[in-house]
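To start, the structure under review is shown below, and the notes come after it.
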Number of protein chains: 2
Amino acid sequence: MRDIKEKILHHEYPKMKLPDERSLSEIYGISRSSVKRALDVLVQQGIIFKKRGSGTFINPLYLKNRAMFRYEGSNLGITDSFRLDGKKQGIQLLNYRVIPASKEIQQDLFLNENDYVYKIERLRLIDEQPFMIETGYIPIKILPSLSPAVLQKSIFNYLENAKGKQVTRSYLTLTVEPSNTADQKLLKLNENEPVGVMAGVFFLDDGTPFEVSNMRVHYKYMRFNTFVSVGRD
Amino acid sequence: MRDIKEKILHHEYPKMKLPDERSLSEIYGISRSSVKRALDVLVQQGIIFKKRGSGTFINPLYLKNRAMFRYEGSNLGITDSFRLDGKKQGIQLLNYRVIPASKEIQQDLFLNENDYVYKIERLRLIDEQPFMIETGYIPIKILPSLSPAVLQKSIFNYLENAKGKQVTRSYLTLTVEPSNTADQKLLKLNENEPVGVMAGVFFLDDGTPFEVSNMRVHYKYMRFNTFVSVGRD
DNA sequence: AAGTGGTCTAGACCACGCG
DNA sequence: GCGTGGTCTAGACCACTTT
């Protein structure tokens, strides 16, 4: 997959068409099924598309306008899902305590009756400008040692560096709401200025639900790019 | 896949856990590979998640979020992307004319200097309730015959039924804005009630950019579910 | 050690598009 | 008719979790 992607970017398929799957399987010395798995990922990323009976083609738009497609579902979490290019990020810890997991959170994180979670409220800033209020719930059994110092930085980075665990997926619901008084105060909004809300669960690479998060985002900073493809139901 | 989805929605897996893949393959009399393909789609849709060594679990958030109108990663287009379970949809044509494509639209739709596009403004309703203002630009050369009658219904369906072309992908940017006076009037919003904006391009299955669209959605009807996974590059 | 998902294989047969 | 992608099979072996 990596090799084919490279070749596409380096224009090594001048006819905008890939070799057929059976040839690719021979070229790379792998089974056709494996070729299919690889190509299906590229389809998902919008890089190629397949036409039954005709072949597999490179999406010209991907080459012409790579910037447009570059989210590629490959950015996740706060640290890089917002366009922070070179801007200075800040985190202000608003509140932080350990509480018993509510019924709802138990359900979302697959916890038991007597499991505890951190409740973490943070204000995120970019270039001194507050742009997001984040409320997160993390099971203490996943991160038994979480200090305020760590919470001033990216929890995801901490997880990866200190624990070798990666946050690889999230299931988020995006909605829109008028701002409430807390939003207005913390995010410096007027009464008629709204927030975007991203709420959901983050998962570790092994599938463990890791955090329930609710993010209220200043509307000017709320921007979400998505490449949608039709599913066959 | 359909059967399992049904069972999930009808809470027929009370432990939030599916049978293991080998059992499913026996239950349905299919190979384990086929079970995997089916489950992988449900994973992609954020309905379930898998934990190697443990099993396959239902995403509790998915059940919670089965609210009214959803725009899912797996569905596209207006007609079926919003889950309109039994509700009556309406379309009101606000405005409709042919204009030269602006520079920006030329770029987005890969048009030439002197190409023309339809500019189509429509108000969408659900159960008599207006919920979205839609402004679309479509090249006349793709749909030379577009009548107001067609515009009262789904353009995507028309494309598929009359022209045999399918809209299979879109690239959308989601943002949040305070409502303007036009929004307030058409969508029956108060001054401090916002709209969600979905703007982007729709593509045909052969990769042709087909429509530039801007959708302003009543905030109560704006709900976007997304399952993000980190790409392995 | 047993159970569960992850990856991969080598092939069969089907459905679609095109010459 | 032939070449192409689509679907499916029946298994092998690996990696991780739980008992």
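Below, chains carry the letters A, B, ... as their sequence lines are ordered, and counting in each starts from 1.
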Whole angstrom value for the distance that separates P of D/dG3 from NZ of A/K17 | 12 Å
Do B/E113 and B/K103 meet the salt-bridge criterion of a basic N to acidic O distance under 4.0 Å?
-> yes
Between C/dT4 atom P and B/D40 atom CG, what is the distance in whole Å?
-> 18 Å
Indicate every side-chain donor-acceptor pair of residues 93-100 of chain A with a distance under 3.5 Å to a residue at least two apart or in another chain.
| from | atom 1 | to | atom 2 | distance (Å) |
| --- | --- | --- | --- | --- |
| A/N95 | ND2 | A/E121 | OE1 | 3.4 |
| A/Y96 | OH | A/L146 | O | 2.6 |

Can you sort out the partners of A/R52 under side-chain contact (heavy atoms from CB on, under 4.5 Å), two or more places apart, ordered by chain and number?
-> none
Side-chain (A/S25) to main-chain (A/I30) donor-acceptor, under 3.5 angstrom = yes
Round to a whole Å and report the spacing from CG of A/D206 to P of C/dT4.
-> 17 Å
Please state how far atom CD in A/E21 lies from atom C1' in D/dT4, giving the value in whole angstrom units.
-> 8 Å
Whole-Å distance separating the CG atom of B/L39 from the P atom of C/dT4 | 14 Å
Decide, yes or no, whether a salt bridge links A/K36 with A/D40 under the criterion of side-chain N to carboxylate O below 4.0 Å.
-> no
Calculate the interatomic distance between A/D205 atom CG and D/dT17 atom C1'; express it in whole Å.
-> 14 Å
Mind jotting down which residue pairs meet the ring-ring contact (aromatic ring centres under 6.0 Å, His included) criterion with at least one end in residues 8-53 of chain B? Sequence neighbours excluded, please.
-> A/F110-B/F49, A/F203-B/F49, B/F49-B/F57
With sequence neighbours left out, what residues match B/L204 under side-chain contact (heavy atoms from CB on, under 4.5 Å)?
-> B/L159, B/K165, B/V167, B/D206, B/T208, B/F210
Can a side chain N or O of B/K50 be found less than 4.0 Å away from OP1 or OP2 on C/dT4?
-> no
Among residues 110-117 of chain A, which contact DNA chain C at a heavy-atom distance under 4.0 Å?
-> none
State whether the side chain of B/N59 and the backbone N or O of B/G46 hold a donor-acceptor pair below 3.5 Å, judged by distance alone.
-> yes
Each nucleotide of nucleotides 9-19 of chain C classed B (base within 4.0 Å of a protein heavy atom), S (only sugar-phosphate) or -, in 5' to 3' order, makes BBBBB-BBS--
Can you check the A/I48 CD1 to D/dG5 C1' distance for me, whole Å?
-> 11 Å
Is there a side-chain contact (heavy atoms from CB on, under 4.5 Å) between A/I48 and A/L39 once you walk through the steps?
-> CA-CA 8 Å; A/I48 59 174; A/L39 295 186; 3.9 Å; yes
Atom CE of A/M1 and atom C1' of C/dC8: how far apart are they, to the nearest Å?
-> 16 Å
